Amino acid sequence: MTLLILLAEDDPGIRLAVKDYLELLGYSTIVAGDGEAALSLLETYHPHLLVSDIKMPKKDGYQLLKEVRQRPEFRLLPVIFLTERGTTTERIRGYQFGCDVYLPKPFELEELGAVIRNLLDRSQAI
């Protein structure tokens, strides 16, 4: 079974690079350029994992994650924040909202891949 990852990122360059890398690793990937579109795709496709930027138009990553965690079917969905906001305060806020991993930009694609594999291995075992 191919695992599906939803990537919510407003920067087209980062969105394309991450999507291509995830597909190279064998994942199916759907992308959204803002939080509102991400929520819609989440409801339609029920992905296995969400990677989200925080600073996005229409609905930021915090609001997106808050709405995701309010829905029973997505309470345990693994979520990675991938963002330029790297302060300790922002990381704490991300964890308080319910993200599983907080990776500040710039990031290494290999690290993102390892984090995704780890989260998916555990979530698929449940």
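No experiment lies behind these values; they were computed from the predicted model shown.
- Cluster membership check: Val79 does not share its hydrophobic cluster with Leu3, using side-chain heavy-atom separations under 4.5 Å among Ile, Leu, Val, Met, Phe, Trp and Tyr.
- Residues Ala38 and Leu64 approach most closely at CB-CD2, 3.9 Å, considering heavy atoms.
- To the nearest 0.5 Å, the span separating CG on Leu119 from CG on Asp100 amounts to 5.5 Å.
- Looking at every heavy atom in both residues, Pro47 comes nearest to Leu6 through CG-CB, 3.7 Å.
- Taking a 6.0 Å sphere around OH of Tyr45, one finds it holds 12 or fewer heavy atoms contributed by other residues, nucleotides or ligands.
- More than 12 heavy-atom neighbours from other residues, nucleotides or ligands sit within 6.0 angstrom of NZ on Lys59.
- At distances below 3.5 Å, not a single donor-acceptor pair connects side-chain atoms of Arg69 with backbone N or O atoms of Cys99.
- Cluster membership for Val31 and Val18, using ILVMFWY side-chain heavy atoms within less than 4.5 angstrom, is shared.
- Other residues, nucleotides and ligands place no more than 12 heavy atoms under 6.0 Å from the CD atom of Glu108.
- Cluster annotation: Leu4 is not connected to Val51 through the hydrophobic network of ILVMFWY side chains, with a link wherever side-chain heavy atoms come within less than 4.5 Å.
- Residue Lys105 holds its NZ atom at 5.5 Å from CG of Leu82, rounded to the nearest 0.5 Å.
- The only member of Leu42, Leu65, Leu50 that meets side chain to side chain contact (heavy atoms under 4.5 Å, CB included) when paired with Phe74 is Leu42.
- With hydrogens and angles ignored, the 3.5 Å screen pairs no side-chain donor or acceptor of Arg75 with any backbone N or O of Gln70.
- The side chain to side chain contact (heavy atoms under 4.5 Å, CB included) test with Tyr21 is passed by exactly one of Leu109, Thr29, Leu16: Leu109.
- Hydrophobic clustering (ILVMFWY, side-chain heavy atoms < 4.5 Å, transitive): Leu77 and Leu120 are in distinct clusters.
- Linking ILVMFWY residues whenever their side-chain heavy atoms come closer than 4.5 Å, directly or via other members, leaves Ile14 and Leu41 in distinct clusters.
- Here Asp53 contributes atom CG and Glu9 contributes atom CD; the two are 4.0 Å apart, rounded to the nearest 0.5 Å.
- For the residue pair Gln96/Tyr62, the side-chain donor-acceptor check at 3.5 Å is not satisfied.
- The distance from atom CD1 of Ile54 to atom CG of Asp60, rounded to the nearest 0.5 Å, is 8.0 Å.
- The minimum heavy-atom distance between His48 and Pro78, with the atom names listed, is O-CD, 3.3 Å.
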### Query
Would Asp10 and Lys55 count as a side-chain contact (heavy atoms from CB on, under 4.5 Å) if you check the C-alpha gap in whole Å, the side-chain angles of each, and the deciding distance to 0.1 Å?
CA-CA 8 Å; Asp10 63 323; Lys55 186 179 170 189; 5.6 Å; no

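- Separating the CG atom in Leu103 from the CD1 atom in Ile80 is a distance of 6.5 Å, to the nearest 0.5 Å.
- Annotation for Gly113 and Leu25: closest pair CA-CD1, 4.0 Å, computed over non-hydrogen atoms.
- Below 30°, between 30° and 60°, or above 60°: for Phe81 and Tyr102 the angle between ring planes is above 60°, a perpendicular geometry.
- Atoms CD and CG, from Gln63 and Leu39 in turn, are 9.5 Å apart once rounded to the nearest 0.5 Å.
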### Query
Yes or no on salt bridge (charged side-chain N to carboxylate O under 4.0 Å, His left out) for Arg117 and Asp121, after CA distance, side-chain angles and deciding distance?
CA-CA 6 Å; Arg117 179 79 264 148; Asp121 283 349; 2.8 Å; yes

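- Across Thr2 and Ser28, no two heavy atoms sit closer than the pair CG2-OG, 3.0 Å.
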### Task
Verify side-chain contact (heavy atoms from CB on, under 4.5 Å) between Leu49 and Tyr27, making sure each step is shown before the conclusion.
CA-CA 11 Å; Leu49 184 137; Tyr27 300 111; over 6 Å; no

